[in-house]
Amino acid sequence: MEEPDKQLVEELCRSGIGRGDLVALAIWPRTGLGMATPTAAASVSLGVEDPSAVVRLVEDALRPRWVLWSNDTAATLAQSGVRIATSWDIAAVDRLLFGGWRTDPARAWAHVHDLALEEIPRNAPADLFGDSGRGGGDREDPVRPDGHLRAEWVSGDWRTTPDRLRRWAELASVVASLQQARLDELASPPRASFTARSESAAELLCAEMSIDGLPMDRGVAEEIVAGIVGPRPRSDSDAAEQRARRDAEVLRHAPPGSDVDLRSPGQVKSLLRRAGFDVPDTRAWRLEALRDAHPVIDALLTWRKAERVATTYGYAWLDERLGADGRLRGTWAGSDGAAGRMTASGGLHNMPAEMRGAVVAEPGRVFVRADLGQIEPRVLAAVSRDAAFARASVADDMYAPVAAQLGVDRSTAKVAVLGAMYGQTTGHGAQALRGLAAAYPVAMTYLEEAARSGQVGRDLRTYGGRLVVMGSTNANEVDEREARRQAAARGRYGRNALVQGAAAELFKVWAVTVRARGADLDARIVLCLHDELLVHVPIEQSDAVARLLDDCLQEAVRRWAPDDSVRFVADIGVIERWSDAKR
DNA sequence: TGCGGCTATTG
DNA sequence: CACAATAGCCGCAG
């Protein structure tokens, strides 16, 4: 380690920075870094070849809470093998405070300074004339005279010297302080602040999962694909031939003389009409009922399954996503646009169940898998503070006591509870729905109020403080029927967002607790799936990690829930491949 | 070339 | 078949 780095740490120690204190960080690979401390009102810059190594040094010595503009920085660090314990992720907190899915430093800056979002400077091409730059003022100052951040600073083009990185870190610490103040203004200050920290840690986890990838055995994966679509095509013409053969297998059952593109829903519909079936659409669940009525239906449904694998989860997918190191990679995002669930690209969240057999732990390791049982109704009981519904959560299967209470069978009770949370108002569950309203009025009123907010376009906040932005209908552009339909859709959306969103918050608290407590056991979370965790661990640690997952759930619930009246349960098992899970 | 509609997969 | 997501292909508008 170079001498200036040690001096830096000593300097930070002298300024009184300790565990958990905010230290803003801006880095540029092979250039250097800037740090700024809001409490000590001090900042430093350092030109170094390997800025991540400096971060590691400070992390080991002081373990501050790193203020990052976004998880891009966490990704840069993780790429260098540096894993920081805690952070304040400005982008994540911006989404929490102001809703929505996409953000950037300019937007977060504008939000906390009450600047008009429409006036945020757009990213302009480089100024060929070398004048003072767009927006006027001094280009060395990232803040324009009009108060907005300069586009070239936001895009990163300009943050390429240690001095500028220091300035960028100073601005990050300003934004973090203003965000903290905004969180304190909310109705539930301690909780929103808590959410900000757990959402920030979730961003660190996402950066790590994006880089680490999911263990997958290429040989097994290719065998599974081959079993569905045949061997890997040797050429484009070979691929076209295979495709034509698959199509022909369906078309030979079709009425003669029809030249049908099976990939075109319209043409499939007319094909079915010629075969004697008049259907409003050709979705699988609808055709399932007709499977035995005509051989073309069965052939078509089989074709659809193979076509899915061929186009989305086939050889091209493996070539693009599965690295030579046997890791399947996608990009993880900490919160989606609706209620704040994690998302993953690259098929990690919607991989067909058949492919799970290829998700195999590496030699010397196993997976510890856990999923939360009935997380949404339990979360509803907690956030609505419905004592009667909370009592039902004592059962391993929450629907059993609910069914007994309503005097219906379990499946009816389940449909009714899900219907209440999703906004279903018609069908078989309607009668049981009225029973729910009588038995659990607190929870059902909570849902009704959320639905009403959505209907009138009033924004909502989840239990953890996330803003759920509700659109509104422009009455001039649509007729009354359409306006009613949109209001009803927003009602269902709002109703569900409070449950799904709070569930996502609890899930992330659980996940980041496992991340923190599991580090010493070399336990790595490799997949998060809304209520399920897959943890890759050394075999000898598997029992310890299995216990840890439950301990962490109880710890997460203690910290997240308003009280201890709602029970949360996890099904935990040690497995070698993902498909071994019973579920 | 971009976008809505349809279809599939997952929780 | 309600809530959420990602993703591919088709058909149509520009």
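All values derive from a computational prediction rather than experimental measurement. Chain letters run A, B, ... following the sequence lines, proteins first and then strands; every chain starts at 1.
The nearest whole Å value for the distance from the CZ atom in A:Arg490 to the C1' atom in C:dA4 is 18 Å. Between A:Leu328 atom CG and C:dT6 atom P there is a gap of 17 Å when expressed in whole angstrom units. Atom pair A:Leu348:CG and C:dA7:C1' shows a separation of 13 Å (rounding to whole Å applied). Separating the CD atom of A:Gln267 from the C1' atom of B:dT7 is a distance of 15 Å, rounded to the nearest angstrom. When rounded to the nearest whole Å, the span between CE of A:Met421 and C1' of B:dG11 equals 12 Å. Rounded to whole angstrom, the span from the CD atom of A:Glu376 across to the C1' atom of B:dG11 amounts to 8 Å. Atom-to-atom, CG of A:Asp261 to C1' of B:dC6 comes out at 13 Å; the value is rounded to the nearest Å. Between the NZ atom of A:Lys269 and the C1' atom of C:dG11 there is a distance of 14 Å, given to the nearest Å.
The residue A:Gly346 sits close only to the backbone: its heavy atoms come under 4.0 Å of sugar-phosphate atoms, none of a base. Residue contacts for A:Ala339: at a heavy-atom cut-off of 4.0 Å it reaches no nucleic acid atom on any strand shown. Within 4.0 Å of A:Arg495, counting heavy atoms only, lies no atom of the nucleic acid at all. As judged by a 4.0 angstrom heavy-atom cut-off over every strand, A:Ala353 is placed among residues touching the sugar-phosphate backbone only.
Between A:Glu362 and A:Arg327 there is a salt bridge, since at least one side-chain N of the basic residue sits less than 4.0 Å from a carboxylate O of the acidic one. The pair A:Arg95-A:Glu199 does not meet the salt-bridge criterion, since no charged nitrogen lies less than 4.0 angstrom from a carboxylate oxygen. Comment: A:Asp319 engages A:Arg218 in a salt bridge, judged by a side-chain N to carboxylate O separation of less than 4.0 angstrom. Under the 4.0 Å criterion applied to side-chain N and carboxylate O atoms, A:Arg102 and A:Asp94 are not assigned as salt-bridge partners.
Checking C:dA2, B:dC6, C:dC3 against every side-chain atom of A:Pro265, the shortest atom distance belongs to B:dC6. Among B:dT7, C:dG8, C:dA4, the nucleotide with an atom closest to any side-chain atom of A:Asp281 is B:dT7. For A:Thr311, the side-chain atoms get nearest to C:dC9 when compared with the rest of C:dC3, B:dC6, C:dC9. Comparing atom distances between the A:Arg308 side chain and each of C:dA4, B:dT9, B:dG11 picks out B:dT9 as nearest. Checking B:dT7, C:dA7, C:dC9 against the side-chain heavy atoms of A:Arg321 singles out C:dA7 as nearest. Proximity note for A:Tyr422 (side chain, C-beta onward) versus C:dC3, B:dT10, B:dT7: the nearest is C:dC3. The A:Thr312 side chain lies nearest to C:dA7 when the options are C:dA4, C:dC10, C:dA7. Of the listed nucleotides (B:dT10, C:dA5, C:dC10), C:dA5 has the atom at the smallest distance from the side chain of A:Ala338. For A:Trp285, counting side-chain heavy atoms from C-beta on, the closest listed nucleotide (C:dA4, B:dT9, C:dC1) is C:dC1. Nearest to the side-chain atoms of A:Ser345 among the listed nucleotides B:dG11, B:dT7, C:dT6 stands C:dT6.
DNA chain C is contacted by both A:Arg492 and A:Arg263; A:Arg492 maps to the nucleotide lying nearer its 5′ end (nearest heavy atom per residue). Mapped onto DNA chain C by nearest heavy atom, A:Arg286 and A:Asn350 fall at different nucleotides, with A:Arg286 at the one closer to the 5' end.
Relative orientation of the A:His349 and A:Trp332 rings is perpendicular, given thresholds of 30° and 60° on the angle between their planes.
Side-chain atoms of A:Trp303 and A:Asp247 include a donor-acceptor pair closer than 3.5 Å.
The base of C:dA4 lies close enough to the side chain of A:Arg341 for a donor and an acceptor atom to sit less than 3.5 Å apart.
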